[in-house]
Number of protein chains: 2
Amino acid sequence: MATIHDVAKKAGVSVTTVSRVLNNRGYISEKTRNNVFRTMEELNYQPNELARSLLRKQSNLIGLIIPNVSHPFFSELASYVEYYAYQQNSKVLLCNSHMDPVKEKEYIEMLKRNRVDGIIMGSHTLEVDEYRNLNSPIVTIDRQIDENIPFISSDNYRGGQLATELLIQKGCRKIAHICGNLKLNMLANQRTQAFEELTGRHNIEHVTIQTDMNVFDQKQYEHIIHTLLQEHPDVDGIFSTSDIIAAFAIKECVRAGKRIPEDVRIIGYDDVNAANWIVPEITTVKQPIEEIGRLAIELIRKQLEDESFERQNILPVKLIERATT
Amino acid sequence: MATIHDVAKKAGVSVTTVSRVLNNRGYISEKTRNNVFRTMEELNYQPNELARSLLRKQSNLIGLIIPNVSHPFFSELASYVEYYAYQQNSKVLLCNSHMDPVKEKEYIEMLKRNRVDGIIMGSHTLEVDEYRNLNSPIVTIDRQIDENIPFISSDNYRGGQLATELLIQKGCRKIAHICGNLKLNMLANQRTQAFEELTGRHNIEHVTIQTDMNVFDQKQYEHIIHTLLQEHPDVDGIFSTSDIIAAFAIKECVRAGKRIPEDVRIIGYDDVNAANWIVPEITTVKQPIEEIGRLAIELIRKQLEDESFERQNILPVKLIERATT
DNA sequence: TTGTATGCGTTATCAC
DNA sequence: GTGATAACGCATACAA
């Protein structure tokens with residue numbers, strides 16, 4: 001592959017001149033410029049970004065660490081992150097942690113070795129200290145590490161409220177809530193908090209079940225819900241912490257001969273595309289996935305350019321009522 | 001961020017020695033080695049991969065260009081690609097072309113400028129010539145560019161056969177087939193070919209409808225299927241070229257008051273996870289997505305290491321019968 | 001067993 | 001307007 005030296009030699013100028021043409025800097029005669037451009041075409045020259053990055057200490061690479069892109073929420077998030085990264089000429093390095101602390105840590109180190117401009121953390125299996133001193137720009141999604149590290153989340157407490165309120169208002173007498181692993185200290189736990197406060201206040205019977213929500217384990221989902229329906233056959237409302245789990249809840253309810261929403265009302269979370277193309281369409285709490293992705297990129301950029309930025313970014317959620325309630 | 005010089009200075013050795021410790025090359029006394037390791041720890045040293053890549057002319061970066069990660073087929077593919085890349089210490093650059101030729105071309109050039117080890121092309125909007133002379137290792141998925149560029153696909157013709165045969169065997173009298181854009185010269189078009197040959201041979205009434213399958217446009221799907229059911233109310237079998245489209249077919253059939261599979265039998269394609277968690281579970285033709293991802297990485301590696309490799313990689317498909325037929 | 005010098009491809013500084 | 005040269009951080013050939 002041609003280098004700047006090849007171009008210079010063939011065009012009969014110095015590398016400095018080629019570099020100037022390339023970066024459109026300094027004074028250059030029109031004739032030289034055209035000559036150089038033509039030569040670059042002829043040699044099919046592509047400047048080596050590795051060399052550039054090394055010199056200017058900026059790779060234009062952004063690391064995205066998530067549990068797994070094959071989960072719809074994260075695939076949509078990744079899509080938006082990539083979209084907005086592209087707008088500012090950044091490239092996205094895709095990292096699936098599979099919720100494995102070892103892999104997550106290795107990925108963080110790999111990203112640092114590659115001198116990424118910043119890291120978007122959508123997976124959180126490590127202790128806070130590990131994140132604190134990796135002094136590269138970072139943004140966390142749905143987890144608050146400390147005062148200085150910006151995070152983005154949607155209003156989880158409000159989301160939990162909206163979901164629970166809807167089920168109560170529809171007349172549910174016994175509500176099950178399926179949430180992620182509460183030990184992980186994610187902001188999403190506030191949904192559960194809201195659920196328990198509201199059901200408690202209204203004196204509604206309720207049961208909370210934890211899963212490793214981020215691990216996309218379909219068998220686990222099926223099993224959990226199957227068990228739930230067996231142990232609590234009188235459940236008439238389910239608030240699940242993702243639309244995918246809600247889909248499994250629908251499936252198990254149908255299998256158990258229950259009608260939706262007549263016998264059981266179900267509400268999901270996220271409003272991923274899938275919520276809209278399954279039957280019955282899932283009532284859900286919409287997270288602004290695009291805005292989360294856009295903001296993540298923006299927060300990385302602002303840290304990089306030493307602009308001021310908001311540490312706490314809590315975005316609004318919205319209740320989307322469809323056919324399952 | 002500390003450099004190899006900082007480590008050398010602090011440890012009281014030369015950079016060569018540090019480099020040797022780092023790469024475990026040549027003879028080094030145990031004492032020096034430990035000393036250097038300790039110093040690296042103290043300085044929290046991470047070798048700069050950009051510099052390494054520049055020197056050894058290998059970035060360990062692999063570009064993945066797909067229409068959109070938010071489409072389940074591609075999100076699952078991306079997940080496996082990332083998984084197998086990680087196994088061999090490669091990193092994945094995620095590129096969504098959105099089926100935009102301009103963006104696809106820009107991405108290819110960006111990847112070349114970043115000296116990626118290879119490119120996995122899952123999006124195909126350009127003319128063959130554009131791919132031919134980008135002399136970096138490349139693998140295409142579901143499209144054959146020319147003799148020399150390896151491609152991976154599953155056995156599309158066989159898949160089309162399996163799907164069509166099943167519907168015929170189940171007694172369908174009028175079958176609709178929803179496929180991608182046939183102009184794009186993808187290998188997936190062979191599914192349509194098989195469909196038309198088989199329905200023709202069995203003298204079954206049939207209708208074929210094209211979509212931009214790769215663009216994840218839900219409104220388009222709904223509209224197309226809605227129109228289909230209106231114009232051909234007597235359709236009793238639908239073979240759609242992705243599970244997502246099949247999901248929309250289910251939705252529209254239910255909306256039109258048709259029972260599945262009694263009134264209309266539906267078969268999808270891909271066997272993405274979603275096929276399994278919607279109700280009714282979708283009968284489908286399974287593509288070996290994991291194997292496609294694994295092979296893609298392997299083919300890049302083999303080209304890189306000048307090993308011999310297969311140009312034509314056509315993987316077997318499998319009929320998965322579930323509840324929609 | 002360890003160190004010195006050179007180059008990877010680029011850009012910035014300074015000189016002409 | 002243009003060119004020579006040093007540096008970015010690292011690995012290797014060659015010396016010692």
Side-chain angles (χ1 to χ4, degrees), chain A residues 1-40 43-61 89 109-117 136, chain B residues 1-40 43-61 89 109-117 136:
Chain A
M1 179 144 288
T3 76
I4 200 170
H5 286 97
D6 302 328
V7 177
K9 196 166 177 184
K10 179 146 194 219
V13 296
S14 74
V15 290
T16 310
T17 302
V18 178
S19 176
R20 281 211 185 86
V21 172
L22 206 54
N23 298 286
N24 203 19
R25 260 196 255 297
Y27 293 98
I28 291 184
S29 75
E30 207 48 41
K31 188 172 146 231
T32 311
R33 181 194 307 277
N34 291 333
N35 178 20
V36 170
F37 269 134
R38 194 167 0 91
T39 314
M40 294 201 297
L43 293 177
N44 205 347
Y45 170 71
Q46 300 277 10
N48 187 330
E49 288 293 337
L50 294 167
R52 287 179 150 181
S53 299
L54 178 60
L55 194 60
R56 77 162 81 98
K57 296 167 184 314
Q58 250 224 41
S59 62
N60 285 335
L61 246 39
N89 200 23
E109 291 181 345
M110 181 275 277
L111 293 174
K112 292 182 76 173
R113 285 196 300 272
N114 281 274
R115 300 299 190 264
V116 294
D117 292 349
S136 105
Chain B
M1 179 145 288
T3 76
I4 199 170
H5 286 96
D6 302 327
V7 177
K9 196 165 176 183
K10 180 146 195 222
V13 297
S14 75
V15 290
T16 310
T17 304
V18 179
S19 175
R20 282 211 186 86
V21 172
L22 204 56
N23 299 287
N24 201 21
R25 260 197 255 298
Y27 295 98
I28 291 186
S29 75
E30 207 49 39
K31 188 175 147 230
T32 311
R33 181 196 306 277
N34 290 333
N35 178 19
V36 170
F37 269 133
R38 192 163 6 87
T39 314
M40 295 201 296
L43 292 178
N44 205 346
Y45 170 70
Q46 301 278 9
N48 186 328
E49 287 293 335
L50 295 168
R52 289 178 147 183
S53 299
L54 179 60
L55 194 60
R56 77 162 82 99
K57 296 166 184 313
Q58 251 223 44
S59 62
N60 285 336
L61 246 39
N89 200 22
E109 290 182 345
M110 180 276 275
L111 292 175
K112 292 184 74 173
R113 285 196 301 272
N114 281 275
R115 299 299 189 266
V116 293
D117 292 350
S136 108

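Within every chain, numbering begins at 1; the chains are lettered A, B, ... in the order of the sequence lines, protein sequences first and strands thereafter.
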Problem - Residues in contact with DNA chain D, drawn from residues 24-31 of chain A - heavy-atom cutoff 4.0 Å - result: Tyr27(A), Ile28(A), Ser29(A)

Problem - Side-chain donor/acceptor of Asn48(A) to backbone N/O of Leu50(A), under 3.5 Å - result: yes

Between protein and nucleotides 7-9 of chain D, what N or O pairs are separated by less than 3.5 Å?
residue	atom	partner	partner atom	Å
dC8(D)	O3'	Lys57(A)	NZ	2.8
dG9(D)	OP1	Lys57(A)	NZ	2.5

Exercise for the section: Tell me, please, which residues at least two apart from Thr32(A) pass side-chain hydrogen bond (donor to acceptor under 3.5 Å, both in side chains). Expected result: Ser29(A)

Handout entry: NZ on Lys9(B) to OG on Ser14(B), rounded to 0.5 Å
Key = 14.5 Å

Handout entry: Member of Asn34(B), Ile28(B), Val13(B) meeting the side-chain contact (heavy atoms from CB on, under 4.5 Å) criterion with Val21(B)
Key = Ile28(B)

Handout entry: Whether Asn60(B) side chain and Asp117(B) backbone form a donor-acceptor pair below 3.5 Å
Key = no

Handout entry: Side-chain donor/acceptor of Asn35(B) to backbone N/O of Ala11(B), under 3.5 Å
Key = yes

Problem - salt bridge (Lys or Arg N to Asp or Glu O under 4.0 Å) partners of Arg25(B), counting only residues at least two apart - result: none

Handout entry: Separation between OH of Tyr45(B) and OG1 of Thr39(B), rounded to the nearest 0.5 Å
Key = 12.0 Å

Handout entry: Nucleotides bounding contact with chain B, strand DNA chain C, heavy-atom threshold 4.0 Å
Key = dT1(C) to dG9(C)

Practice task
Give one of base, sugar-phosphate or nothing for Ser53(A), where a contact means two heavy atoms less than 4.0 Å apart.
Solution key: nothing

Handout entry: Sidechain N-carboxylate O distance under 4.0 Å for Arg33(A), Glu30(A)
Key = yes

Completion exercise
Residue set satisfying side-chain hydrogen bond (donor to acceptor under 3.5 Å, both in side chains) with Ser19(B), at least two apart, ordered chain then number -> Asn23(B)

Completion exercise
In this structure, CE of Met1(A) is separated from CZ of Arg115(B) (nearest 0.5 Å) by 5.0 Å

Fill in the blank from the handout: salt bridge (Lys or Arg N to Asp or Glu O under 4.0 Å) filter on Arg52(B), not counting sequence neighbours, yields Glu49(B)

Exercise for the section: For Leu55(B), enumerate each residue passing the side chain to side chain contact (heavy atoms under 4.5 Å, CB included) test, keeping only those at least two apart in sequence or located in another chain. Expected result: none

Fill in the blank from the handout: Residues passing the side-chain hydrogen bond (donor to acceptor under 3.5 Å, both in side chains) test with Lys10(A), sequence neighbours excluded, are Glu42(A)

Exercise for the section: Could you list the residues that satisfy side-chain hydrogen bond (donor to acceptor under 3.5 Å, both in side chains) with Ser53(B), not counting sequence neighbours? Expected result: none

Exercise for the section: Report the end-to-end axis angle of the helix from dT1(C)-dA16(D) to dC16(C)-dG1(D); each axis comes from five terminal pairs, and the value is rounded to 10°. Expected result: 50°

Practice task
Using a cut-off of strictly less than 4.0 Å between a heavy atom of the residue and any atom of DNA chain C, enumerate the qualifying residues of residues 9-21 of chain B by number.
Solution key: Val13(B), Ser14(B), Thr16(B), Thr17(B), Arg20(B)

